[in-house]
Amino acid sequence: MDEVPNPWFSWDYLARNSDEVLRQLGIHTTLTLQAILIAAAVALPLAMLARRVPRLAAPIMGVSGVMYTVPSFALFALLAPFTGIGRTTVLIGLVVYALLVLVRNTLVGLEGVDADVVDAARGLGYSPTRLLLTVELPNALPSILAGLRIATVSTVALVTVGVVVGYGGLGQLMFRGFQSDYRAQILTASILCLLLALILDLALVLLGRVAMPWMRRRRAA
């Protein structure tokens with residue numbers, strides 16, 4: 001008896017399941033973007049606080065580091081009784097895992113600002129807020145952007161783990177593919193994850209070029 005064909009890629013699978021594939025891709029994309037935006041909104045103030053009050057730097061980095069080491073399955077299991085099964089639980093987990101990278105890179109960027117530049121701004125009478133917004137943050141942007149790129153790419157991969165609480169975006173397709181041993185479903189979801197990570201990373205690179213035109217002039221010099 002001939003073996004049933006089980007190709008790694010199938011246009012027929014895509015044509016028959018395009019609605020489901022696009023729906024899960026949309027969930028995966030929005031979860032990733034929401035998680036990164038929330039994590040950045042939390043990480044930036046934390047890093048600035050750690051910069052302004054050095055004795056808080058170790059506790060902030062320590063807590064975010066400990067949270068990062070909690071296995072995703074265990075974290076979802078801890079959250080589920082309070083946040084339920086679904087999107088909220090996955091989103092909180094993704095934000096927790098993105099925090100460490102974003103806080104660390106932002107703090108490193110702020111600490112790396114040339115002390116002479118900061119002193120010169122203070123000498124010109126810059127207030128702490130003006131110093132932060134016009135001197136420290138712009139100079140820390142390359143490090144912040146690097147953190148955003150790492151956190152975004154890793155979050156795209158982590159979203160798939162959300163399948164354990166029934167909300168994993170493309171991870172749902174991978175899980176079903178593994179259950180039924182359907183290669184085309186597994187590979188299609190994997191390729192889309194890879195493409196999504198590459199597209200979001202490229203978008204951040206382009207955003208960085210727009211936000212930091214002086215970096216292009218330095219490279220050209």
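A quick note: this is a predicted structure, and the numbers were derived from the prediction, not measured. Atom set for the values below is all heavy atoms of this structure, side chains included, hydrogens, waters and symmetry mates excluded.
The shortest distance between side-chain heavy atoms of Val135 and Val117 falls below 4.5 Å. The closest side-chain heavy-atom distance from Thr30 to Arg87 is below 4.5 Å. Side chains of Thr106 and Ser143 form no contact here, defined as non-hydrogen atoms less than 4.5 Å apart. Residues Leu170 and Leu192 meet the side-chain proximity criterion, which asks for heavy atoms closer than 4.5 Å. In this structure, Tyr126 and Thr134 have side chains that are in contact, with non-hydrogen atoms separated by less than 4.5 Å. Considering only heavy atoms from C-beta on, Leu14 comes within 4.5 Å of Phe9 through its side chain. Inter-residue side-chain proximity for Arg51 and Leu107 is flagged as met; some heavy-atom pair is nearer than 4.5 Å. Counting only heavy atoms from C-beta outward, the side chains of Gln185 and Arg176 approach each other to under 4.5 Å.
Between Ile85 and Ala80, the closest heavy-atom pair is CD1-CB, 3.9 Å. Annotation for Ala98 and Thr155: closest pair CB-OG1, 4.3 Å, computed over non-hydrogen atoms. Residues Ala35 and Leu94 approach most closely at CB-CB, 3.6 Å, considering heavy atoms.
Counting only distance, with no hydrogens or angles, the side chain of Tyr97 and the backbone of Ile92 share no donor-acceptor pair below 3.5 Å. In this structure, Thr152 contributes its side chain and Arg149 its backbone to no donor-acceptor pair below 3.5 Å. Within the 3.5 Å criterion, the main-chain N or O of Cys193 finds no donor-acceptor partner in the side chain of His28. Under the 3.5 Å distance criterion, the side-chain polar atoms of Asn6 are matched with a main-chain donor or acceptor of Asp181.
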Item to check | Stepwise side chain to side chain contact (heavy atoms under 4.5 Å, CB included) test for Val21 and Tyr13 | outcome: CA-CA 10 Å; Val21 170; Tyr13 163 74; 3.9 Å; yes

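Leu148 and Leu196 are members of different hydrophobic clusters when ILVMFWY side chains are connected at heavy-atom separations under 4.5 Å. Residues Val153 and Val161 do not share a hydrophobic cluster, defined by chaining ILVMFWY side chains whose heavy atoms lie under 4.5 Å apart. Linking ILVMFWY side-chain heavy atoms closer than 4.5 Å, directly or via other members, places Ile38 and Val63 in a single hydrophobic cluster. A single hydrophobic cluster is not seen to contain both Leu158 and Val156; linkage of ILVMFWY side chains at heavy-atom distances under 4.5 Å, directly or through other members, places them apart.
By the salt bridge (charged side-chain N to carboxylate O under 4.0 Å, His left out) test, Arg23 pairs with Glu20, sequence neighbours left out.
There is no side-chain donor-acceptor pair under 3.5 Å between Thr88 and Thr83.
By the 6.0 Å contact criterion, CZ on Phe175 is open, its count of non-hydrogen atoms from other residues, nucleotides or ligands being 12 or less.
Salt bridge present: Arg52 and Glu136 bring a charged side-chain N and a carboxylate O closer than 4.0 Å.
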